[in-house]
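Since the structure comes first, as structure tokens, the remarks are kept for the end.
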Number of protein chains: 2
Amino acid sequence: MMLPDTFRALADPTRRAVFERLAASEMSVSQLTARFEVSQPAISQHLATLKAAGLVTERREGRFAYYRAAPEGLAPLVDWIDRYRSFWPERIDRLKDILKGLDDD
Amino acid sequence: MMLPDTFRALADPTRRAVFERLAASEMSVSQLTARFEVSQPAISQHLATLKAAGLVTERREGRFAYYRAAPEGLAPLVDWIDRYRSFWPERIDRLKDILKGLDDD
DNA sequence: GAATCGCATAAGTATCGGCTTATGTATTGC
DNA sequence: GCAATACATAAGCCGATACTTATGCGATTC
């Protein structure tokens, strides 16, 4: 199965943290940089990787670049997990909790 | 959040394929090696990584070591995805399909 | 229009990670 | 007990990658 690098993109802790931050709210690169302890180029590079994986989207506004998490990018992960559903013991009912939550929404 | 290296363990395509194979059925290291194009040590190393991440379990029998996928090891992934549930657009109803499947079982 | 700002890209470096071959350690078979 | 088998570990190699500083480039500001 060809996952579009979703796992690899999220494997790096810093990059995952960037995604998590962008899931909370849209932010510009400089705002994002201020929240991490790596340089601005490092952040830009992580964003490029996340964007290539479909995990974030970019919105240009003048000289600013606003990024936000693209939840659809997580779909390959859900798909992948889905493939092993039938092998899962009922013990893993956390997935059911997730569904319950969705139903309640 | 401190994921127990689940993402990193599944980021490598070969290692992910090993996990997928072990999800289908328990196998010994040599049986597993026969199915891949990397050496036996490489397989052993992948298995060690997967085991450290809680994604496989080992069963010793004489000089054989049988491995099988540990679906519980995927729980951290589900947990992590769950954290962003509220940000997801309804468009991602695939997760609902998963839950439906579980309910039907 | 010159300086500044926001960001991306280039280039270099050092570490990590997956692979190999070589070797070690039990276990089994003769 | 000796050879062979099953697997793990050691050691080394090399490409990938996460970071840095330096630079480029468009947009804003004065």
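Note that the structure is predicted; figures quoted are calculated from it, not measured. In what follows, every chain begins at residue 1, and chains take the letters A, B, ... in the order their sequences are listed.
- Side-chain atoms of A:F64 lie closest to C:dG6 of the nucleotides C:dA22, C:dG6, D:dT20.
- Closest contact between the side chain of A:V38 and the listed nucleotides D:dT20, C:dT20, C:dC7 involves D:dT20.
- The minimum heavy-atom distance linking B:F19 with B:A70 is given by the pair CE1-N, 4.4 Å.
- If you measure from atom CD1 of A:I43 to atom C1' of D:dT21, you get 16 Å, rounded to the nearest angstrom.
- Taking 4.0 angstrom as the limit, B:S44 places none of its side-chain polar atoms (N or O) nearer than this to OP1 or OP2 of D:dT9.
- For A:Q45, the listed nucleotide lying nearest its side chain is C:dA10; candidates were C:dA10, C:dC19, C:dT20.
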For this session: For the pair B:L74 and B:L10, evaluate side chain to side chain contact (heavy atoms under 4.5 Å, CB included) and give the outcome as yes or no after the intermediate values.
Result: CA-CA 10 Å; B:L74 291 177; B:L10 294 173; 4.0 Å; yes
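- The distance from atom NZ of A:K51 to atom C1' of C:dA8 is 11 Å, rounded to the nearest whole Å.
- Computed from coordinates, the B:M27 CE to D:dA6 P distance equals 13 Å when rounded to whole Å.
- Nucleic acid contact class of A:S30 (heavy atoms, under 4.0 Å, all strands): sugar-phosphate only.
- With hydrogens and angles left out, the side chain of B:Q40 and the base of D:dA6 share no donor-acceptor pair within 3.5 Å.
- At whole-Å resolution of the value, CZ in A:R8 and P in C:dC16 are 17 Å apart.
- For B:T6 against B:G73, the heavy-atom pair with the smallest separation is CG2-O, 3.9 Å.
- Backbone-only contact: B:Y67 has heavy atoms under 4.0 Å from sugar-phosphate atoms and none from a base.
- For A:R15 (side chain) and A:A9 (main-chain N/O), a donor-acceptor pair under 3.5 Å exists by modelled atom type.
- The distance from atom CZ of B:R63 to atom P of D:dA6 is 6 Å, rounded to the nearest whole Å.
- At whole-Å resolution of the value, CZ in A:R59 and C1' in D:dA27 are 16 Å apart.
- Put simply, B:S39 has no side-chain N or O that comes within less than 4.0 Å of OP1 or OP2 on C:dC19.
- For B:P41, whose side chain is taken as the heavy atoms from C-beta onward, the closest listed nucleotide among C:dT9, D:dC7, D:dT9 is D:dT9.
- Residue A:T14 places at least one side-chain N or O under 4.0 Å from the OP1 or OP2 atom of D:dC19.
- Nucleic acid contact class of B:A65 (heavy atoms, under 4.0 Å, all strands): sugar-phosphate only.
- Across the protein-nucleic acid pair, B:R60 atom CZ and C:dT28 atom P stand 12 Å apart, rounded to whole Å.
- The CG atom of A:L47 sits 16 Å away from the P atom of C:dG6 (whole-angstrom rounding).
- Using modelled atom types, no side-chain atom of B:R59 and backbone atom of B:Y66 make a donor-acceptor pair closer than 3.5 Å.
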